[in-house]
Peer 1: 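Here you go, one structure.
Because the structure is a prediction, the values reported are computed rather than measured. What you see below is based on every heavy atom in this structure, not just the backbone, and it leaves out hydrogens, waters and symmetry mates.
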Amino acid sequence: MSILSIQSHVSFGHVGNSAAVFPLQRMGFEVWPVHTVLFSNHAGYESFRGNVQDPDEVGAIIQGIEERGVLPECQVVLSGYLGSAQLGEVVLSAVDKVRAANRDMIFCCDPVMGDVGKDVYVRDTIPDFIRDHALPAADILTPNHFELELLTGRKVVDMKSAKAAVDQLLEAGPKMVLVTSLDRKDTSLDSIEMLASDGDETWLVETPLLGFPVLPNGAGDACAALFVGHYLQTKSLRKALERTTSTIYSLLYATREYGGRELALIEAQQDITAPRYRFSASQV
């Protein structure tokens, strides 16, 4: 099975395609990475070099893939950090092309816009583009806690408000929503959760909250990739959530052990397919 992954790329570290492609390959998927930005490293460092890619050039790369006649083989279009709303239009054009070639394809949109403690860190036009255009087109949406609140205009503080916000997103178009970092006031302070819902079922996984001097970037990008990959393999919302959570926690634990600022994707790659820590989901 093949996945077209359209998102950012860094040469040093693991965010965007640099966090998504390798885990999917370890899971056995053929991945076609298309880069929306080319940076030396992610922008969380004190400096970075590189540029947002020209939308026409990104579109040309996708056209070249289309000309190989392989779009019917594509099971998923995965999108992440865009760089500009114009690049978002290129992503949606690619979704339309793949959907015309394979009506069973899945569009998984990771609405990368910001995070708790960082606020919005993308261009001003991107949140509106995601809300008005990408969200309705998506089959799977994978916001973090901050992005869940931003997309819905709701404050999420407990399970009731979390489910209401997720239901609001489901009504707007996606068939499934994965909240990659739910932080509720009505649960333990030393835990973090992931929640997944398709409208009929809602599942929750709780893990210990790991402390870091500087929280590694890219976990959300890896989450979206792992979730859609596990869903393709299992066709189970619950199993996809459990396996994604288990791998991400294990990778973060290994990252803390190694003491690095970047996800230990290479050093702990065995945790992608056989995570050392496993978590079960409960229905809520």
Side-chain angles (χ1 to χ4, degrees), residues 1-37 39 41-42 73-81 105-112 139-144 176 178-181 192 194 196 205 207 210 212 215-258 260-279 281:
M1 290 188 282
S2 299
I3 295 174
L4 175 62
S5 182
I6 311 173
Q7 49 189 313
S8 62
H9 174 77
V10 295
S11 294
F12 173 82
H14 299 292
V15 300
N17 271 333
S18 302
V21 172
F22 181 64
L24 287 169
Q25 290 172 331
R26 278 298 307 250
M27 292 175 68
F29 293 101
E30 183 70 37
V31 187
W32 308 330
V34 176
H35 306 320
T36 56
V37 306
F39 287 164
N41 49 270
H42 68 71
E73 303 170 18
C74 185
Q75 299 296 314
V76 171
V77 175
L78 171 64
S79 71
Y81 184 89
M105 65 81 70
I106 293 171
F107 172 32
C108 180
C109 174
D110 184 9
V112 179
D139 297 295
I140 300 176
L141 194 76
T142 62
N144 60 30
M176 283 174 276
L178 168 70
V179 183
T180 59
S181 57
I192 192 77
M194 287 195 205
V205 175
T207 70
L210 296 171
F212 291 90
L215 185 66
N217 291 65
D221 304 323
C223 263
L226 289 163
F227 182 78
V228 73
H230 283 304
Y231 183 76
L232 277 180
Q233 291 179 339
T234 66
K235 301 301 181 185
S236 166
L237 183 71
R238 179 182 184 177
K239 289 179 181 179
L241 175 63
E242 290 176 339
R243 294 180 184 184
T244 298
T245 306
S246 298
T247 290
I248 288 296
Y249 181 86
S250 297
L251 287 172
L252 286 171
Y253 192 95
T255 301
R256 192 175 68 169
E257 280 187 320
Y258 282 104
R261 184 171 172 179
E262 298 290 337
L263 283 175
L265 283 182
I266 305 305
E267 298 90 338
Q269 59 184 278
Q270 70 278 358
D271 284 314
I272 295 170
T273 53
R276 74 185 86 175
Y277 298 103
R278 297 181 183 271
F279 298 90

Peer 1: Would you compute the distance between atom CG of Leu4 and atom CD of Gln75 and round it to the nearest 0.5 angstrom?
Peer 2: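 Rounded to the nearest 0.5 Å, the CG-CD separation comes out at 12.5 Å.
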
Peer 1: Does the side chain of Val77 reach to within under 4.5 Å of the side chain of Ile3, using non-hydrogen atoms?
Peer 2: no

Peer 1: For a quick test of reading the model, state the closest non-hydrogen atom pair linking Ala274 to Arg278 and the distance between them.
Peer 2: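 Shortest heavy-atom separation between Ala274 and Arg278 comes out as CA-NH2, 4.0 Å.
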
Peer 1: I'd like to know if the side chain of Ser250 reaches the main chain of Tyr277, judged simply by a donor and an acceptor atom lying under 3.5 Å from each other, with no hydrogens or angles considered.
Peer 2: yes

Peer 1: Grab the two heavy atoms, one from Ala225 and one from Ala20, that are nearest each other, plus how far apart they are.
Peer 2: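 Result for this residue pair: CB-CB, 3.7 Å.
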
Peer 1: If I take atom CE from residue Met1 and atom CG from residue Leu24, how far apart are they, to the nearest 0.5 angstrom?
Peer 2: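 Between Met1 CE and Leu24 CG, I get 10.5 Å after rounding to 0.5 Å.
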
Peer 1: Quick one: do Val15 and Leu263 satisfy side chain to side chain contact (heavy atoms under 4.5 Å, CB included)? Show the steps, please.
Peer 2: CA-CA 9 Å; Val15 300; Leu263 283 175; over 6 Å; no

Peer 1: Show which side-chain atoms of residues 264-272 pair as donor or acceptor with protein atoms under 3.5 Å away, not counting sequence neighbours.
Peer 2:
residue	atom	partner	partner atom	Å
Gln269	OE1	Arg26	NH1	2.6
Gln269	NE2	Ile266	O	3.0
Asp271	OD1	Arg276	N	3.0
Asp271	OD2	Arg276	NE	3.3
Asp271	OD2	Arg276	NH2	2.9

Peer 1: Distance check, rounded to the nearest 0.5 Å: Arg243 atom CZ versus Met27 atom CE?
Peer 2: 8.5 Å

Peer 1: Would Val76 and Met105 count as a side chain to side chain contact (heavy atoms under 4.5 Å, CB included) if you check the C-alpha gap in whole Å, the side-chain angles of each, and the deciding distance to 0.1 Å?
Peer 2: CA-CA 5 Å; Val76 171; Met105 65 81 70; over 6 Å; no

Peer 1: Do Asn17 and Ser5 get their side chains close enough for a donor-acceptor pair, meaning under 3.5 Å?
Peer 2: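 Asn17 vs Ser5: donor-acceptor pair found between side chains.
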
Peer 1: Would you give the length of the straight line joining atom OG1 of Thr180 to atom CG of Leu226, rounded to the nearest 0.5 angstrom?
Peer 2: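 Between Thr180 OG1 and Leu226 CG, I get 12.0 Å after rounding to 0.5 Å.
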
Peer 1: Might you point out which heavy atoms bring Ser79 and Phe107 nearest each other, and give the distance in Å?
Peer 2: OG-CE1, 3.4 Å

Peer 1: Report the distance from atom CZ of Phe212 to atom CZ of Arg261, rounding to the nearest 0.5 Å.
Peer 2: 12.5 Å

Peer 1: Looking at SG of Cys108 and CG of Leu232, how far apart are the two atoms once the value is rounded to the nearest 0.5 Å?
Peer 2: 9.5 Å

Peer 1: Would you say that Gln25 contacts Glu30 through its side chain, given a criterion of any heavy-atom pair below 4.5 Å between the two side chains?
Peer 2: no

Peer 1: Compare every heavy atom of Cys223 with every heavy atom of Met194, then report the nearest pair and how far apart it is.
Peer 2: CE-SG, 3.3 Å

Peer 1: Check the pair Val228 / Ile106 against side chain to side chain contact (heavy atoms under 4.5 Å, CB included), numbers first and verdict last.
Peer 2: CA-CA 9 Å; Val228 73; Ile106 293 171; 4.3 Å; yes

Peer 1: If every non-hydrogen atom of Pro216 is compared with every non-hydrogen atom of Thr255, which pair is closest and at what distance?
Peer 2: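 Heavy atoms only, the tightest pair is CG-CG2, 3.8 Å.
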
Peer 1: Check whether any side-chain N or O of Glu242 sits under 3.5 Å from a backbone N or O of Val205 as a donor-acceptor pair, and report yes or no.
Peer 2: no

Peer 1: Side chains of Leu78 and Gln7, heavy atoms from C-beta outward: is any pair under 4.5 Å?
Peer 2: yes

Peer 1: Is any side-chain heavy atom of Trp32 closer than 4.5 Å to a side-chain heavy atom of Ser2?
Peer 2: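 Yes, close enough: below the 4.5 Å cut-off.
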
Peer 1: Side chains of Leu178 and Leu141: does their closest heavy-atom pair fall under 4.5 Å?
Peer 2: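 The answer is no; the side chains never approach within 4.5 Å.
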
Peer 1: The criterion is side chain to side chain donor-acceptor pair (under 3.5 Å); which residues satisfy it with Ser18, sequence neighbours excluded?
Peer 2: His9

Peer 1: Name the orientation class of the two ring planes belonging to Phe227 and Tyr231 (parallel below 30°, tilted from 30 to 60°, perpendicular beyond 60°).
Peer 2: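 Ring orientation of Phe227 relative to Tyr231: parallel.
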
Peer 1: Got a donor-acceptor contact below 3.5 angstrom from the Ser246 side chain to the Phe279 backbone?
Peer 2: yes

Peer 1: When you measure from the side chain of Thr36 to the backbone N and O of Tyr81, does any donor-acceptor pair fall under 3.5 Å?
Peer 2: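 Yes; at least one donor-acceptor contact below 3.5 Å.
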
Peer 1: Search all heavy atoms of Gly16 against all heavy atoms of Asp221 and return the closest pair with its distance.
Peer 2: N-OD2, 2.8 Å

